[in-house]
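To start, the structure itself, in structure tokens.
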Amino acid sequence: MIRLSNVSKYYSKNQTVSLGLRKINLELGLNEFVAIVGESGSGKTTLLNVLSGIDSYEEGEMYINNDETSYFSKADWENYRKKYIAFIFQNYHLIESYTVLQNVEAALILSGYPKEEIRDRALEIIDRVGLIDHIKHKATKLSGGQKQRVVIARAIAKDAPVIVADEPTGNLDSESAQNIIELLAEIAKDKLVIVVTHDFKQVENQATRRIRIFDGEIVEDKKIKKVSPNNLPSLEDKDYKMNFKETIKMVFRNLWATPKKSILLLVIFLFSTFFFAFIYAGFLYSQAEQTSYNNELSYIPDTRIILNKEDGSAFTEAELTSLENNRRVASVVPFDFMFEVRQYIQMRIGDWYDDFYLPSPMIFPISMFPDVDEDLEENEIVVSFQEYYFEDEPYDITGETLNLMFNDENIAYHIAKFYPAEDHQDMFPNVGRPIIIVHENTWNQLGKVLGFSSYTQISLSYINNNGQEVFYSLPRGERIILNDTLPNNQINVPDYLLNYMGMGEADVDITIDAFYETLELNDMTIDSGDPDLYGIEVNQAIYDALFNADEIYQVSIFAEDSIDAINLSESLESSGDYQVYHPASERSSNQLEGLIFLVMNIGFIFMFGGLFLVIFFVAYVIIKNIINSKLNDYAIFRTIGANKSTIRSFIYLETMFVAFFAYVVFLAFVIIINPYINENGPLYVLKFYTFKNFVYLLIFVLVFSLLLSRRYLSRVYHDTVAETLRREME
């Protein structure tokens, strides 16, 4: 039973209070077909709304099977409507963007009907109301009679014990009205049917009771047919919750059904996403710019990163291959200390009889220059330098011979191609020195000799004529020369070194450190050998021990650009496998710079926070119209069984999916334009994004959407269902 005891309802608008119901006493039960009649504005619909739980009351008490409802929360009223009430509205209140089938399916889905039976059940009900040929028609395309049949079909799908109908025939012609009443009577068996009507004659054959309302009071309560009213059935709380898959399906249905609103929402999120993305990119750029350069290395482009293994071991082939396959790596170069070698190159060109020297050239492996279209052999090289080295001589030296002098040997290389530096500045590093590009095997061979030689340190200890032990280190970088005729206990050094040390023949202990190789040679004899000797002579065994090791303990990797280099160095360092040194981004430890950096970060936080608030409220103001247009849809969902949790899921997921799609558009934009971004362009800041930064941006965009959704949700539940529906009709 539903019983009202002295129930009153008041409306407040524009600081004016008006009466809706006054001291209503009423008891209704199953098996009754109750017609509520009265003049327009008498309170018929208000009484119906209170009975159905879509509107509140201010005084008295309403009982449901003797249970008081004055303490009911919004969730309790939602549960009551979900368990007991099926609605048929005068103004239909269909989801206008849904098809006939979708409107009926929505009621079945929200009531927890078995998902595998929903489609068949919906089609059966639609056929019952005579609309099977219109299942794909949207509600906006239907006539008034057809819409009312859809509303009845939705009520049938709900299968609730109480059916409330507000002027179900008010907008129909007499024939259609009669058909609707007969259909309503057909589904009303064993239920409580409450119909508000302005024309009692339409329902007098079906009604068991007539109640007349005047000025908010019941002035007539007449039983027309004798029935035995019963209590409402004791139904378990319908705590059914849609699973994630069903919720996602409904969310996409909502978005797809209102394309214009969804596109407008997408535009707002696109603007917000791109705006925040560029602000964040600017912050990353400002961080990366706080750098200082290392001046101890000869070649330190922004893209170079120097790697050693954290455990001090040599690189394996698999590790080198893994580095080469990294998408940010342009090339991996072993024996990278070759970049710091200072050598003199002897070149004989054409009919020149005098030696032509290139001062301190830079040597590079061909792998670093994919734009150099040359398939080099091991005895070939590519050369580039400025024209002024030639003075008045011919400039093109393609096909000539270059002699590289090391370890007292001259190795001739064929110049496969000469690139004038003035014409090819975009192809070669701006080092201001001549450039020689060699085959990979040649690079490795030179690395073992030139590189190790440049890093060789020879230390001596001996007893002088006064009986004192003397320690002496020869200058680093002395050339190591092979002399296979020397015995195992002898090395030869130049006379000037012997004279400088002030020692004659003596037994000495020698330590030779050549990069990662260290030799301890005891009781050795030092001799000057050749007075013209310029370097240190050793025999084959010592030479091989120093220079024939194949292990690679250090490499330089070169990123595609400076941004990739920053991101790559951070990624490699965080792996814990490598000691990483990025010369171009070595941060200064200067305390003042640190303070400035801190102040800049604090300033960015305040600036970004202010911009966030501005964008948030601008976005909310813009989508307010979208929110208002959807309030009616969510109110309808609430009448057919959706609780606050379900509505919250719809709202949150709808905005999150649109926000995520906006993020995907931004991501696609970055991927597409990435090859075309140049260092001087306005989009260059996007190069500073790493995978981690993209994840941070995604999280931020989703949180932004959730904050908007939260405000959206509070708007949906600000008013009762009846107030929302009334506002829609105003």
Side-chain angles (χ1 to χ4, degrees), residues 36 44-55 77-78 80-82 84-111 122 125-126 129 131 134 137-158 160 162-172 176-177 180 183-184 187 193-198 250 253-254 257-258 261 627-643 646-647 650 715-730:
I36 300 177
K44 304 187 302 295
T45 298
T46 301
L47 177 59
L48 191 71
N49 290 343
V50 170
L51 289 168
S52 62
I54 67 172
D55 213 346
W77 284 116
E78 285 174 347
Y80 165 66
R81 292 193 300 267
K82 192 170 190 177
Y84 292 108
I85 309 297
F87 293 89
I88 300 174
F89 297 100
Q90 174 186 5
N91 294 308
Y92 318 122
H93 293 308
L94 295 170
I95 307 294
E96 296 288 344
S97 57
Y98 276 18
T99 64
V100 170
L101 179 61
Q102 289 170 343
N103 268 283
V104 178
E105 282 183 334
L108 292 168
I109 292 170
L110 292 171
S111 62
I125 293 171
I126 293 170
V129 299
L131 291 175
H134 298 78
H137 293 183
K138 285 195 173 186
T140 53
K141 304 297 183 181
L142 301 176
S143 66
Q146 290 170 334
K147 287 183 178 181
Q148 200 63 277
R149 287 175 181 272
V150 177
V151 175
I152 292 176
R154 189 174 65 187
I156 296 173
K158 183 76 178 292
V162 180
I163 297 175
V164 296
D166 185 11
E167 299 280 8
T169 61
N171 298 323
L172 305 178
S176 297
I180 292 297
L183 183 59
L184 188 58
I187 67 172
V193 179
I194 308 171
V195 178
V196 168
T197 179
H198 65 281
M250 287 286 286
R253 176 179 288 180
N254 293 341
T258 55
K261 296 175 185 177
I627 294 173
N628 289 336
S629 68
K630 287 194 172 187
L631 287 177
N632 188 60
D633 287 353
Y634 288 118
I636 295 170
F637 278 127
R638 292 168 69 185
T639 67
I640 59 176
N643 57 25
T646 302
I647 299 296
F650 287 170
R715 177 71 174 157
V716 170
Y717 276 85
H718 181 267
D719 299 321
T720 65
V721 175
E723 288 171 335
T724 303
L725 295 178
R726 276 197 301 270
R727 187 183 302 109
E728 180 67 17
M729 300 311 301
E730 290 176 354

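Values below: all heavy atoms of this structure, side chains included; hydrogens, waters and symmetry mates excluded.
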Would you please classify the geometry between the Tyr634 ring and the Phe650 ring as parallel, tilted or perpendicular, with 30° and 60° separating the classes? tilted
Please work out whether the ring planes of Phe87 and Phe89 are parallel, tilted or perpendicular, with thresholds of 30° and 60°.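 Ring orientation, 0 to 90° scale: parallel.
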Closest non-hydrogen atom pair between [X] and [Y], with its separation:
X: Met250; Y: Ala106; result: CE-CB, 4.4 Å
X: Ala139; Y: Leu94; result: CB-CD1, 4.0 Å
X: Val150; Y: Leu142; result: CG2-CD1, 3.7 Å
X: Ile88; Y: Val151; result: CA-CG1, 3.4 Å
X: Leu51; Y: Ile85; result: O-CD1, 4.5 Å
X: Ile636; Y: Arg154; result: CG2-NH1, 3.5 Å

Which residues share a salt bridge (charged side-chain N to carboxylate O under 4.0 Å, His left out) with Glu78, sequence neighbours left out: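 Glu78: no salt bridge (charged side-chain N to carboxylate O under 4.0 Å, His left out) contacts found.
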Is the shortest side-chain heavy-atom distance between [X] and [Y] below 4.5 Å?
X: Val195; Y: Pro168; value: yes
X: Ile163; Y: Ile194; value: no
X: Ile36; Y: Thr197; value: no

When rounded to the nearest 0.5 angstrom, what distance separates [atom1] in [X] from [atom2] in [Y]?
X: Phe637; Y: Ile95; atom1: CZ; atom2: CD1; value: 4.5 Å
X: Asp166; Y: Thr45; atom1: CG; atom2: OG1; value: 3.5 Å
X: Ser52; Y: Tyr80; atom1: OG; atom2: OH; value: 7.0 Å
X: Asn103; Y: Ser97; atom1: CG; atom2: OG; value: 8.0 Å
X: Leu101; Y: Leu131; atom1: CG; atom2: CG; value: 11.5 Å

Does a side-chain N-to-carboxylate-O contact under 4.0 Å join Arg253 and Glu105? yes
For [Y], is there any backbone N or O sitting under 3.5 Å from a side-chain donor or acceptor partner on [X]?
X: Gln148; Y: Gly145; answer: no
X: Arg81; Y: Ile640; answer: no
X: Thr99; Y: Gln102; answer: yes
X: Lys147; Y: His93; answer: no

Criterion side-chain hydrogen bond (donor to acceptor under 3.5 Å, both in side chains) against His134, the qualifying member of Lys141, Arg149, Gln146: Gln146
Side chains of Tyr98 and Asn254, donor plus acceptor under 3.5 Å: yes
